[in-house]
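Numbering of ligands and ligand atoms starts at 1, following listing order.
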Amino acid sequence: TLPGPSFCLGIGPLISYGRFLWMGIGSASNYYNEKYGEIVRVWIHGEETLILSRSSAVNHVMKKGHYISRFGNKRALQCIGMNENGIIFNNNPSIWKQTRPYFAKALTGPGLRRTLAVSVESTRNHLEKLLGGHNTTSTCVDILLFLRAITLDISNRLFLRVPLHEGEIVSKIQKYFDTWQTLLLKPDIFFKFKWIYKKHEKAAQDLQDVVEELLLKKQQELQEAEKLHDITDFATDLIFAQTHGKLTADNVRQCVLEILIAGPDTMSVSIFFMLMLIAQHPEVEKKIVEEIQAVTGEREVQNSDLQQLKTVESFINESMRYQPVVDFTMRKALKDDVIDGYPVKKGTNIILNLGRMHKVEFFLKPNEFNLENFAQNVPHRYFQPFGCGPRSCVGKYIAMVMMKGILVTMLKRYRVHSHNGSTLENIKNNNDLSYHPNESHSRLRMIFTPRNQAAA
Ligand code: HEM
């Protein structure tokens, strides 16, 4: 039998579901793995749910073709437009199979090659806009807002290419994410009380409306253009697919929405954690800055440099391992199976607890932030921040390039410090749909000091 709390006349399922709603998905998963081991059976919404943090079990699920669906309340997914639309929580395998290739095309090949230059330019522009006019040695920056604006701008330049109001959209993306996180596992009864979830519905609708407007602008531009631009983009491909009846309008809008939120939801917080780790580990900063200087000198980072930025790469990997933003991923078994000797029924929900997996196996100093953890080659099965197999992160290559472009461009010019003595250990975090700082009470700030002035 599978380890985990006992059924006990239905009390076990009630308690475990309650724990997920109360603690958040990431925290509850860690609680159960810690208490019962690396393979645990609990219940969410009365459905059997496995929480896996043993690498053999996690890799089994990731690689097999019958775990290509996720789970979540259907009403919640309808409310945020993800039900059978888009890609991230599209639980209809045949529609998901139609949409994923559009993402794969945009996030690899020529798009991937342009990413570094676009990331550098966008980061430079934002740094100049925010800090350029200051003569003072240091500037206090609302860091998450800043990083979200950069990641949104990069995504827009790569995938949509229409003028947009960054501040307004960043705030709508955050509210959309909060809605997604709040509703995802709620019981059906919650949706019977419209007055309770009305504000969430509005938050989701607001972002959908903005994306609709952006798509209209894009369609207009395409109609007015005398010939197609040299570089086609994600949005253009989707609009053509809709014109040819291959994708519905709702699906196209949702795909554009998802490619725009993917960066601000994941990378901005990841880079924030990285900047905090740099601020807390001056010896690591020194190594990174020396490497950047040796490889790029006075010029901006280029694609041909990426292979040589080995310390930067180890630093990004170690940061994602030690302080992950995407701590787990959710799947559903579409067939009966056996995982690590345990029988698993079709329909079972699966949580792959990647963050914990990265701390319980293989690494030399699992509970420390230490670049030595990546000093030797790490076999893929022990380190999967983006997942692997058919439902892995389709943006994994582009995400690495964007993070390198943003970090290198910032660190070449600025030293970063935390504000008011905040450290990763003392800022409050939520570990629900993702692991991120709790921003409900105050905004997080960091101090940027120009390197030339810091040296003087
Ligand atoms: C630090 C950055 C990022 C991390 C750690 C991350 C991690 C992940 C993980 C763990 C998954 C689930 C994989 C699975 O179930 O096996 C995922 C899915 C996904 N990611 Fe990322 N991601 C990042 C950035 C991005 C970016 C920049 C994009 C696109 C611009 C992106 C697009 C997606 C999409 C579309 C999916 C859903 C794929 C599907 O369901 O078929 N991600 N990501």
Side-chain angles (χ1 to χ4, degrees), residues 26 52 58-65 67-72 77 82 84-93 95-108 111-112 115 118-119 147-148 150-160 173 233-235 254-274 316-317 319-332 349-355 357-358 380 383-407 433-436:
L52 310 177
V58 167
N59 278 278
H60 174 98
V61 170
M62 282 181 172
K63 288 186 175 155
K64 287 274 161 21
Y67 293 99
I68 50 157
S69 191
R70 308 197 190 278
F71 67 93
L77 295 174
M82 287 188 176
E84 306 203 346
N85 280 319
I87 178 172
I88 305 177
F89 265 77
N90 189 331
N91 294 330
N92 179 323
I95 305 178
W96 167 78
K97 276 184 191 152
Q98 283 176 335
T99 54
R100 184 153 166 133
Y102 292 95
F103 284 81
K105 181 181 169 208
L107 297 165
T108 54
L112 179 59
T115 300
V118 170
S119 306
L147 292 169
R148 286 183 179 124
I150 296 176
T151 46
L152 174 66
D153 180 47
I154 297 172
S155 303
N156 182 34
R157 284 168 188 239
L158 288 170
F159 310 126
L160 183 60
I173 289 178
D233 54 37
F234 180 70
Q254 188 60 24
C255 288
V256 173
L257 184 152
E258 290 182 13
I259 210 159
L260 290 181
I261 65 171
D265 279 350
T266 56
M267 280 191 312
S268 47
V269 183
S270 299
I271 297 173
F272 164 67
F273 287 153
M274 290 174 198
I316 292 176
N317 284 336
S319 305
M320 288 194 294
R321 185 198 71 79
Y322 179 74
Q323 187 70 70
V325 173
V326 186
D327 207 27
F328 64 87
T329 171
M330 297 159 74
R331 303 293 191 91
K332 198 169 201 69
N349 300 326
I350 316 260
I351 294 174
L352 303 176
N353 192 349
L354 305 174
M357 177 181 106
H358 295 155
H380 286 306
F383 184 59
Q384 299 282 11
F386 300 103
C388 70
R391 192 110 202 205
S392 63
C393 174
V394 66
K396 61 178 146 188
Y397 302 113
I398 225 164
M400 282 304 280
V401 174
M402 284 185 196
M403 288 192 283
K404 287 177 186 168
I406 297 171
L407 276 175
L433 185 55
S434 73
Y435 191 96
H436 55 265

Backbone N/O of I87 and side chain of E258: donor-acceptor pair under 3.5 Å: yes

Nearest protein heavy atom with distance in Å, relative to atom 13 (C) of ligand 1: R391 O, 3.4 Å

Ligand 1 contact by S155, heavy-atom criterion under 4.0 angstrom: no

Atoms in ligand 1 with a heavy atom of P385 nearer than 4.0 Å: 5 (C), 7 (C), 10 (C)

Heavy-atom gap M330 to ligand 1 smaller than 4.0 Å: no

pair H358-L354: side-chain heavy atoms closer than 4.5 Å: yes

Proximity to ligand 1 by part of R100, non-hydrogen separation under 4.0 Å: side chain

Distance, nearest 0.5 Å, that separates CG of D233 from NZ of K105: 9.0 Å

From CA spacing to verdict: side chain to side chain contact (heavy atoms under 4.5 Å, CB included), I406, T151: CA-CA 9 Å; I406 297 171; T151 46; 4.1 Å; yes

Side chain, backbone, both or neither: M403 near ligand 1, heavy atoms under 4.0 Å: side chain

Atom 21 (Fe) of ligand 1: protein N, O or S atoms [distance under 2.8 Å]: C393 SG

Polar side-chain atom of R70 near backbone of I88 as donor-acceptor pair, under 3.5 Å: yes

Taking atom 30 (C) of ligand 1 as the reference point, the nearest protein heavy atom with its distance: L107 CD2, 3.7 Å

Intermediate values then yes/no, side chain to side chain contact (heavy atoms under 4.5 Å, CB included), F71 and I351: CA-CA 10 Å; F71 67 93; I351 294 174; 3.9 Å; yes

S69 versus N91, closest heavy-atom pair with distance: OG-O, 3.4 Å

Sub-4.0 Å heavy-atom approach of V325 to ligand 1: no

Closest non-hydrogen atom pair between S119 and G405, with its separation: CB-CA, 4.3 Å

N or O pair under 3.5 Å between S270 and ligand 1: no

Heavy-atom gap F89 to ligand 1 smaller than 4.0 Å: no

Interatomic distance, I271 atom CD1 to L147 atom CG [nearest 0.5 angstrom]: 6.0 Å

Residue and atom name of the nearest protein heavy atom (relative to atom 15 (O) of ligand 1), distance in Å to one decimal: T329 OG1, 2.5 Å

Contact check, M267 vs ligand 1, heavy-atom distance below 4.0 Å: yes

Close side-chain approach of R391 and Y67, heavy atoms under 4.5 Å: no

Short side-chain to backbone donor-acceptor contact, N156 and L152, under 3.5 Å: no

Closest non-hydrogen atom pair between K396 and C388, with its separation: NZ-CA, 4.1 Å

Closest approach of any protein heavy atom to atom 16 (O) of ligand 1, naming residue and atom: R331 NH2, 2.6 Å

